[in-house]
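Chain identifiers are assigned alphabetically (A, B, ...) following the order of the sequence lines, protein sequences preceding nucleic acid strands; residue numbering begins at 1 within each chain. The model shown is predicted, which means the values in this text are computed figures rather than measured ones.
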Amino acid sequence: MIWLTLRQFRLQATVALATLVAVTALLALTRIDLVDDYADGIASCTATGGCERFKLQFFDDHQSWFTGLVTVVVGLPGLIGAFWGAPLITREIEAGTHRLAWNQSVSRSRWLAVKLGVIGLASMAAAGLAVAIATWWSDPLDKAGADRFPRLSPVMFDARGIAPIGYAAFAFALGVTAGVLIRRTLPAMAVTLAVFAGLQLAVPQYVRPNLITPVERTVTITPENMQGISLAETTLTVRARVDEPGAWVLSDYTVDASGRKVKSLPVSLAAGACAPPPPTTVPDGKESVDGSGRGPAEKCYAEIARLGYRQHVTYQPGDRFWPLQWAETGLFALLALGLSGFCFYWVRRRIS
Amino acid sequence: MTAVVRTEGLGRKYGRRWALRDCDLAIPAGRVVGLVGPNGAGKTTLLNMVVGQLAPSAGTIEVLGGRPASGPAQLAKVGFVAQDTPTYASLTVADHLRLGARLNPGWDAALARDRIERLGLDPARRAGRLSGGQRAQLALTLGIAKRPELLILDEPVAALDPLARREFLASLMEAVAEHSISVVLSSHLMSDLERVCDHLVVVVDSRVRVAGDVDDLLTAHHRLTGPRRDAARLPSGQHVVSASHTDRQSTFVVRTDGPIHDPAWTVGEVGLEDLVLAYMTPKTEDRPALEALR
């Protein structure tokens, strides 16, 4: 049975392997310069200063490749589900060959178990390899862009660590399930892609933040605690500073003295204590240090504190990357197992 | 008599429609059984239940003493050539033989190789590029080389041209004679089966209408021709299978165990094809509208 499964998978495996080899070769070549440039740049900026600016520049120079690789890793599980999962059973049903296979001396359950097991493992291996190669290549860029694209941020989380392996297992099982339910390859592929894409959008939004209880803080609004105060028309909003590297900020809003959430600080502040200083016609160094150049004045913060406004923040600290990865991978693995179980039931009872 | 297939009250429903119902059969071993009936009569449903492809909705079925497809041992005993003789289009002929060898403990590699050679099939050719007849032969080879006790074929020749039909059936009979397997094959055309089968099951409208050894069926059925008469006036021992009337004359096909004594009748034999046709065509009594037109 394993032989037959592999024999049927030969074409898809060859295509995948050829792509993998070609892409890896290309990446291996380009990575040599990437690593050298980064090491040289860091060495010179450590001596002369300006490392932040170098990192920014370095990341921007290679951003298209970086995002390209992230896209590939994020998109791969969906493709696996659609191109390996969905046709796995539908192709047999469409050609009637399941009747040939089921009448050899092998039970239906074993037939399905081997198919799911072998191709499922191949799916996980493919995703694992892709994420390993992408992470390896992107290493200098991950370092350079750690501030702007922390690995806990929604898209980066999907493209690093072990979660993509869980996604691949799930997407594959999803494809097979769609296949046995719909029994036609193309619609099953479309449904697989649509459902998986929907989940990829919904999970970072609604599920991942709660896999581990997020950290909650309510802090006073002071220049040290805040990243900034912005004023648009008469709407005054505050953004908190989370002083933990790589944290994933889930919510960040102002509460009033009674602890209720408010959309923005009252207009009285915007027009009064926190109003921007009148534009100085004569550029005077001392004036601008006090006023527009340094953000709102002390009296603004004092007034905010007097009115009792505070800032509420929830976030996942950066060091929870691995616990969250494990939790999410486990979740998707469980879903994959559940779908596989359903496939067994359905193939044994409902397909003839 | 040992039965290779025994069913009691067997039925299968699709939604609210019965594809087959109240099926009581006992198919004896060592026969070549023809399963005949019009398209959609329930032949495929019955065969799919025999091989365990489909679970019954009602009744029981026993094949070679076991529940169909209950495990690898049961699967090994029954060979199946499904409708349209499916094969893996992208796999070569040799791949198919390897598939058979890997998936069947009782695989007869020499037999399979010989058959492929005799049929002149190129082992390196993909099944998708074989002709319909060759593909059917490949599927049959898989079914036979598995060395089953019972071989089931669902409309194996339906898609073949007359020459390929003849060749396919000839090679089937050759294998049957050589390995003494019981065979059940279905067709909607009696002419396909006339030469090969020695036992007949006729399925019409989801029900088994008649089943028995061909010789017994032929001796039990008669064609009666005589002056016009109502079917109800025939003796009770004579079961009317079909009736047709002209103004002066009536023709009946009847089944009876005893001899026909009434001198008014001209008694003739019924050929197998006519016999099956008689069961397939609805009786004239079932069509009062036509009678009223006269």
Side-chain angles (χ1 to χ4, degrees), chain A residues 1-17 83-84 86-119 179-181 183-186 343-352, chain B residues 12 14 19 44-45 47-56 68-92 94-96 98-107 127-128 135 138-140 142-143 145-148 150-154:
Chain A
M1 196 53 232
I2 293 176
W3 174 82
L4 176 62
T5 306
L6 289 175
R7 177 64 188 80
Q8 288 181 277
F9 188 58
R10 199 165 73 181
L11 183 67
Q12 288 143 302
T14 313
V15 170
L17 214 63
F83 286 92
W84 290 3
L88 191 73
I89 312 291
T90 55
R91 257 189 332 178
E92 303 255 356
I93 294 175
E94 279 172 339
T97 44
H98 63 301
R99 298 211 173 93
L100 177 71
W102 292 355
N103 283 284
Q104 308 305 312
S105 315
V106 168
S107 72
R108 243 183 245 201
S109 302
R110 194 166 140 230
W111 175 81
L112 185 61
V114 171
K115 265 176 157 352
L116 282 178
V118 170
I119 314 297
V180 300
L181 285 177
R183 300 183 190 200
R184 289 192 300 134
T185 305
L186 275 178
C343 286
F344 273 98
Y345 166 79
W346 202 259
V347 162
R348 285 175 58 175
R349 298 292 168 83
R350 295 303 188 91
I351 293 184
S352 62
Chain B
R12 169 75 200 195
Y14 289 110
T44 297
T45 304
L47 293 186
N48 277 337
M49 285 194 283
V50 171
V51 296
Q53 188 83 17
L54 201 63
S70 51
Q74 176 75 19
L75 283 165
K77 288 195 283 188
V78 182
F80 183 45
V81 177
Q83 203 161 15
D84 306 324
T85 58
T87 50
Y88 288 104
S90 62
L91 265 58
T92 64
D95 283 335
H96 277 85
R98 202 167 306 150
L99 174 164
R102 300 231 173 206
L103 300 186
N104 297 288
W107 182 256
R135 209 157 42 232
L138 177 59
L140 177 63
L142 279 174
K146 179 184 172 184
R147 297 303 295 271
L150 171 65
L151 181 62
I152 311 282
L153 303 101
D154 190 3

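- With respect to chain B, the highest number of heavy-atom pairs below 4.5 Å among A:A95, A:S105, A:S109, A:A101 belongs to A:S105.
- Judged purely by distance below 3.5 Å, without hydrogens or angles, the side chains of B:T92 and B:D95 pair a donor atom with an acceptor atom.
- When heavy atoms are compared at a cutoff of 4.5 Å, B:N104 approaches chain A by way of both its backbone and its side chain.
- Environment of CG in A:L6: crowded, with over 12 heavy atoms of neighbouring residues, nucleotides or ligands closer than 6.0 Å.
- Counting all heavy atoms, side chain and backbone alike, B:K146 lies closest to B:G79 at NZ-CA, 4.0 Å.
- The candidate from B:L54, B:I152, B:T85, B:V78 with the greatest count of non-hydrogen atom pairs under 4.5 Å with chain A is B:L54.
- Note: A:F9 and A:W84 meet the aromatic proximity criterion, with ring centroids under 6.0 Å apart.
- Most heavy-atom pairs under 4.5 Å with chain A: of the set B:A73, B:A55, B:A76, B:A69, this distinction falls to B:A76.
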Full working for salt bridge (charged side-chain N to carboxylate O under 4.0 Å, His left out) between A:R183 and A:E92: CA-CA 9 Å; A:R183 300 183 190 200; A:E92 303 255 356; over 6 Å; no

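- For B:V81, no part lies near chain A; criterion is any non-hydrogen pair under 4.5 Å.
- Heavy-atom distances place the backbone of A:I351, and not its side chain, under 4.5 Å from chain B.
- Using a 4.5 Å cut-off between heavy atoms, A:R108 touches chain B through its side chain atoms alone.
- The number of heavy-atom neighbours closer than 6.0 Å to OH of B:Y88, taken from other residues, nucleotides and ligands shown, is above 12.
- Counting heavy-atom pairs closer than 4.5 Å to chain B, the top residue among A:R99, A:Q8, A:R349 is A:R99.
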